[in-house]
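Within every chain, numbering begins at 1; the chains are lettered A, B, ... in the order of the sequence lines, protein sequences first and strands thereafter. Source: prediction; values computed, not measured.
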Number of protein chains: 2
Amino acid sequence: MAAAAGVSATTVSLVLNDVESRISRETRDRVRSAAEAVGYAPSSLARGLRQRRSQTVGLISDQIATTPFAGRMLAGAQDVARAHEKLVFLVDTGGDRAVEQSAIRALAAQQVDATIYAAMWHQIVPVPDGLPADAVFLDCRPDAGGFRSVVPDDRAGGAAATRELVAAGHRRIAFIDTDEGPTRPIAADLRLEGYREVLREAGLRVDPALHVHGETSIRGGREAAEHLLQLPDAVRPTALFCFNDRMAVGAYAAAHARGLRIPHDLSIIGYDDQQFIAAEQEPPLTTIALPHYEMGKWAMEVALGIRAAEEQDATHQMTCPVIRRDSVGPPPAHVAKPNRRRTSHHTERSLSATPER
Amino acid sequence: MAAAAGVSATTVSLVLNDVESRISRETRDRVRSAAEAVGYAPSSLARGLRQRRSQTVGLISDQIATTPFAGRMLAGAQDVARAHEKLVFLVDTGGDRAVEQSAIRALAAQQVDATIYAAMWHQIVPVPDGLPADAVFLDCRPDAGGFRSVVPDDRAGGAAATRELVAAGHRRIAFIDTDEGPTRPIAADLRLEGYREVLREAGLRVDPALHVHGETSIRGGREAAEHLLQLPDAVRPTALFCFNDRMAVGAYAAAHARGLRIPHDLSIIGYDDQQFIAAEQEPPLTTIALPHYEMGKWAMEVALGIRAAEEQDATHQMTCPVIRRDSVGPPPAHVAKPNRRRTSHHTERSLSATPER
DNA sequence: TTGAAAGCGCTAACAG
DNA sequence: CTGTTAGCGCTTTCAA
């Protein structure tokens with residue numbers, strides 16, 4: 001290439017990197033057009049070797065690529081990487097620790113300038129051996145200190161969801177939680193906290209009967225909701241806060257099966273704002289969005305040193321916005337009235353069940 | 001490092017790369033343990049520079065990371081890359097041609113050993129300028145010849161779906177297609193072809209009244225299905241083949257709204273086997289799976305030269321397997337009977353509509 | 001069985 | 001304003 005333009009390699013380098021304008025205008029043009037002609041592009045490898053930084057960043061994830069949920073984190077990370085002319089290595093470990101280890105090694109050998117360690121859902125993860133000290137944790141928190149990390153603010157999200165319902169006038173608000181168990185997501189506890197907090201704030205009783213569990217699926221949501229909807233009038237909830245959108249979809253089914261209209265007879269709010277699901281329900285589901293794109297962006301910005309994390313050892317909580325659609329409304333008028341015994345003269349539709357499934 | 005082990009760099013290289021066993025056993029051990037102790041890992045950059053291949057592959061996609069559908073293609077590609085000690089650069093262009101261009105350049109500068117160009121859904125794409133001639137197209141076909149590519153065999157998939165219904169005894173099988181329009185996916189035409197082919201094969205009439213269109217969403221599927229279900233008895237379909245699972249979910253809603261049970265009164269088959277959706281319906285949806293993981297695997301294998309594409313210029317059609325769940329059954333007994341006029345004494349439930357939405 | 005020398009393609013420091 | 005020199009960390013002859 002240097003030859004093609006009839007100049008030294010140094011000059012080519014200087015021109016192509018816009019190092020000051022110490023090079024004469026005509027030389028610059030000559031180099032530029034020669035490069036164009038030859039289709040020359042400097043080798044990032046050689047440059048990386050020389051400059052000791054590769055302009056690449058490694059992104060290790062447990063399952064992002066495998067699962068349809070958190071892809072937008074990648075998009076967020078990519079977008080800022082691209083804006084800064086960085087290329088990203090993606091390694092999906094499938095949750096396998098051995099794979100993770102070799103990924104860390106391989107990335108180090110590639111001299112990546114930064115490392116992001118991402119999880120598919122909000123969780124606490126053990127810090128893998130050999131992970132660079134400046135790695136950023138995305139959608140997870142390391143079990144050891146000293147790292148930057150970003151996670152959704154699930155407590156505030158749970159609070160926001162509940163507040164949405166309280167603001168609409170509901171006083172009997174149920175929380176359809178995921179199963180207990182060793183795999184219980186940390187997000188569930190956080191959302192539950194937010195839920196309770198707002199209830200108390202609003203002077204409402206935290207009724208254990210309104211906190212039910214189900215498997216994290218459409219069916220789980222339906223079963224839990226069915227249980228709640230057959231409660232006696234006096235305690236039956238008028239609004240359901242579901243752990244996620246899939247469970248909310250199940251709650252829709254339970255409501256429909258009882259002839260309950262949403263939001264007229266029952267309000268429902270979900271969590272996740274799952275693409276192609278939440279917005280497509282009838283009526284479209286009001287829900288809390290997980291800020292995946294924003295978290296991905298934040299992580300990459302911090303990793304590249306474009307944005308400083310507040311503190312070295314703090315986990316950044318990112319707001320989960322309320323997505324208002326049409327599944328939340330005021331409670332049915334009659335429920336505001338004082339207790340009525342379950343004497344069987346209910347609202348016109350509350351028990352007109354319809355066969356389903 | 002060479003120093004740490006008290007040998008030359010050459011020896012270190014030889015040992016760590018298992019080049020013959022010309023090195024004495026004890027020297028090897030010494031080098032290995034010194035490397036371990038120092039935490040030494042050879043620089044892939046330097047090695048790449050020297051060997052003129054970087055052990056990396058570039059994967060350019062329009063939207064894989066943004067959308068929840070095709071992530072498993074990444075997983076498939078990753079898995080084979082990892083098995084061959086390759087790292088993959090992922091660039092999600094968001095469909096922006098300019099970004100795509102710079103990605104191609106950046107990848108070339110990184111000396112990637114192979115390039116994969118992936119789309120989020122089966123389509124014909126223009127070949128981007130500067131794309132290496134040995135690039136492999138994943139889930140799309142280039143509009144110019146000379147490239148290897150892999151796509152799902154949507155025609156066969158459409159045929160398989162229809163055959164599933166025919167085999168169950170259905171004779172009036174509708175196809176709920178996506179909207180027409182400039183964005184009409186190529187897959188739609190292919191699946192339609194397969195549908196018609198099997199109908200003819202089975203000696204069934206291809207009734208245009210049973211080919212309806214809707215927007216590609218739950219709502220679109222519901223509306224199209226509603227239309228079909230209110231057709232007069234004589235022509236009303238007993239089975240619905242839906243363009244995708246989301247539309248099938250809409251069809252479920254339409255069926256339930258009319259009090260029809262699936263598959264007892266109506267059989268439904270979808271397409272995509274969308275994760276966390278298809279299997280969670282009630283009853284679980286029988287559908288055709290898109291072989292995303294397999295296609296990703298194939299593309300990477302071909303790109304790395306591990307597997308030879310049949311012909312240089314052929315597009316590989318990958319089978320879409322039938323996922324049998326519970327939404328397909330035999331048609332209701334009465335429909336086999338000769339024509340009955342819409343004299344209004346229908347089956348016990350066929351018109352007992354139930355309020356919905 | 002091992003080491004010395006050369007060079008992959010670039011850029012940083014220094015001359016000119 | 002431009003070229004020379006050196007060297008990033010490795011692998012590959014070639015020699016010892």
Visitor: Output side-chain donor-acceptor pairs under 3.5 Å for residues 297-307 of chain B, partner residues at least two apart or in another chain, one line each.
Guide:
| unit_1 | atom_1 | unit_2 | atom_2 | d |
| --- | --- | --- | --- | --- |
| B/Glu301 | OE1 | B/Arg307 | NE | 2.9 |
| B/Glu301 | OE1 | B/Arg307 | NH2 | 2.9 |

Visitor: Atom CZ of B/Arg28 and atom C1' of C/dT2: how far apart are they, to the nearest Å?
Guide: 14 Å
Visitor: Can you list the residues that meet the side chain to side chain contact (heavy atoms under 4.5 Å, CB included) rule with A/Ala109, with sequence neighbours excluded?
Guide: B/Ser44
Visitor: Do any side-chain nitrogens or oxygens of B/Thr27 fall under 4.0 Å of OP1 or OP2 in C/dT1?
Guide: no
Visitor: Could you list all the side-chain hydrogen bond (donor to acceptor under 3.5 Å, both in side chains) pairs where at least one residue sits in residues 110-122 of chain B, not counting sequence neighbours?
Guide: B/Glu100-B/Tyr117, B/His122-B/Asp154
Visitor: Taking only residues two or more places apart in sequence, or in another chain, which ones meet B/Asp79 in a salt bridge (charged side-chain N to carboxylate O under 4.0 Å, His left out)?
Guide: B/Arg82
Visitor: For nucleotides 6-8 of chain C, list the nitrogen or oxygen atoms of the protein found under 3.5 Å from its nitrogen or oxygen atoms, one pair per line.
Guide:
| unit_1 | atom_1 | unit_2 | atom_2 | d |
| --- | --- | --- | --- | --- |
| C/dG7 | N2 | B/Arg50 | NH1 | 3.4 |
| C/dC8 | O3' | B/Arg52 | NH2 | 3.0 |
| C/dC8 | O2 | B/Arg50 | N | 3.4 |

Visitor: Where each residue is assigned the nucleotide of DNA chain C containing its nearest heavy atom, which of B/Thr11 and A/Val12 is assigned the position nearer the 5′ end?
Guide: B/Thr11
Visitor: Within this structure, what is the CZ-to-P distance between A/Arg53 and C/dA12, rounded to whole angstrom?
Guide: 10 Å
Visitor: Please classify the nucleic acid contact of B/Thr10 as base, sugar-phosphate, or nothing, using heavy-atom distances under 4.0 Å.
Guide: base
Visitor: Which pairs with one or both residues in residues 64-78 of chain B pass side-chain hydrogen bond (donor to acceptor under 3.5 Å, both in side chains), sequence neighbours excluded?
Guide: B/Thr66-B/Asp92
Visitor: Measure CG/A/Asn17 against P/C/dT11 and give the value in whole Å, please.
Guide: 5 Å
